*Asks:* 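What follows is a structure written as C-alpha cells; I'll ask about it next.
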Amino acid sequence: MNIAVTYENGQIFQHFGHCQQFKVYEVEGTQILSSKVIDANGSGHGALAGFLQQHGVNVLICGGIGGGARTALAQAGIQLYPGASGSADENVAALLAGALRYDPNTVCSHHHHEEGHTCGDHGCGEHHHDCSHHEH
C-alpha cells in the first residue's frame with residue numbers, strides 16, 4: 001500500500017490544490033518500507049488525483065481540501081484523511097497504529113461559487129482542532 005501526504009518542510013501542507021510536493025510512503029502491514037518526496041510540478045486540483053494514482057497511491061493524508069478534489073480522489077479510488085496537521089512522518093505512523101487524528105468534514109473552499117466563504121473564515125487548519133473524537 002502507498003500512503004501520500006501533502007508535504008512541505010516535514011509538515012502536512014494545508015492546501016491540497018496548491019501542494020507542490022507529496023511524500024509517499026510504501027507500507028506493508030504496519031511497517032513503513034520506504035518513503036520518497038515527489039514533486040507535483042503544480043498539477044492543480046483536478047490533475048493531482050491522477051498524478052497520485054500514477055504513483056500507485058492508495059491513501060492520502062492532507063489538511064484542507066476542496067469538494068472537487070475530494071470527488072477526483074474518490075473516482076481515483078484513493079482513500080482520504082483530511083484535516084490532519086503536524087509532522088508528515090508522525091501522521092503516517094499514527095494512521096498505521098489506528099490513531100490518526102483527522103476531521104473527515106474538513107473542507108477548504110476558496111472558490112468563487114461559494115460567496116462569502118473564504119479560507120480566512122475558518123483558518124483551513126491554521127488553528128489546530130483537536131479531532132481526537134474522530135479517531136477510527
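Predicted model only: the values in this text are computed from it and were never measured. Numbering of residues begins at 1 and proceeds along the displayed sequence. As a basis for the values below, the full set of heavy atoms in this structure was taken, side chains included, without hydrogen atoms, waters or symmetry mates.
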*Asks:* Less than 4.5 Å apart, side chain to side chain, heavy atoms only: is that true for Q21 and F13?
*Replies:*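 Heavy-atom side-chain distance check fails, nothing below 4.5 Å.
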*Asks:* How close do I65 and R70 get, heavy atom to heavy atom, and via which atoms?
*Replies:*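 Closest heavy-atom pair between I65 and R70: CG2-NE, 4.0 Å.
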*Asks:* Rounded to the nearest 0.5 Å, what's the gap from CD1 on I38 to NZ on K23? Could you check?
*Replies:*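 Going from CD1 on I38 over to NZ on K23, the span is 12.0 Å.
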*Asks:* If you look at every heavy atom in A88 and I12, which pair is closest and at what distance?
*Replies:*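 Shortest heavy-atom separation between A88 and I12 comes out as CA-CG1, 4.2 Å.
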*Asks:* Could you measure the distance from the CG atom of L60 to the CG atom of L73? Nearest 0.5 Å is fine.
*Replies:*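 With rounding to 0.5 Å, CG (L60) is 6.0 Å from CG (L73).
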*Asks:* Tracing side-chain links under 4.5 Å among I, L, V, M, F, W and Y, which residues wind up in one group with Y7?
*Replies:*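 Members besides Y7, by chain and number: V37.
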*Asks:* Once you round to the nearest 0.5 Å, how far does CG of L80 lie from SG of C62?
*Replies:*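 Result: 5.0 Å between the selected atoms.
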*Asks:* Quick one: do the N91 and Y81 side chains pair a donor with an acceptor below 3.5 Å?
*Replies:*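 No - no donor-acceptor pair under 3.5 Å links their side chains.
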*Asks:* Check whether N58 reaches the backbone of N2 with its side chain - one donor and one acceptor, N or O, closer than 3.5 Å.
*Replies:*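 Confirmed, N58 side chain pairs with N2 backbone.
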*Asks:* Would you give the length of the straight line joining atom CZ of F22 to atom CZ of F51, rounded to the nearest 0.5 angstrom?
*Replies:*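 One finds 6.5 Å between CZ of F22 and CZ of F51.
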*Asks:* List in chain and number order the residues that pass side chain to side chain contact (heavy atoms under 4.5 Å, CB included) with L33, two or more places apart in sequence or in another chain; answer none if no residue qualifies.
*Replies:*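 E26, E28.
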*Asks:* Begin from the C-alpha positions of L96 and I32 and carry the test side-chain contact (heavy atoms from CB on, under 4.5 Å) through to its verdict.
*Replies:* CA-CA 9 Å; L96 296 177; I32 296 172; 3.6 Å; yes
*Asks:* Could you check whether any side-chain heavy atom of I3 comes within less than 4.5 Å of a side-chain heavy atom of V24, counting everything from C-beta outward?
*Replies:*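 No, their side chains stay 4.5 Å or more apart.
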*Asks:* With rounding to the nearest 0.5 angstrom, report the CG to CE distance, L95 to M1.
*Replies:*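 Here the interatomic distance stands at 6.0 Å.
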*Asks:* At what distance, to the nearest 0.5 angstrom, does CD of E90 lie from CD of Q11?
*Replies:*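 If we round to the nearest 0.5 Å, E90:CD and Q11:CD are 8.0 Å apart.
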*Asks:* Please answer whether the main-chain N or O of A84 pairs with a side-chain N or O of Q14 as donor and acceptor at a distance below 3.5 Å.
*Replies:*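 Pair found, side chain donor or acceptor close to backbone of A84.
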*Asks:* Which heavy atom in I78 sits nearest to a heavy atom in A49, and how many Å separate them?
*Replies:*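 Closest approach of I78 to A49, heavy atoms only: CD1-O, 3.9 Å.
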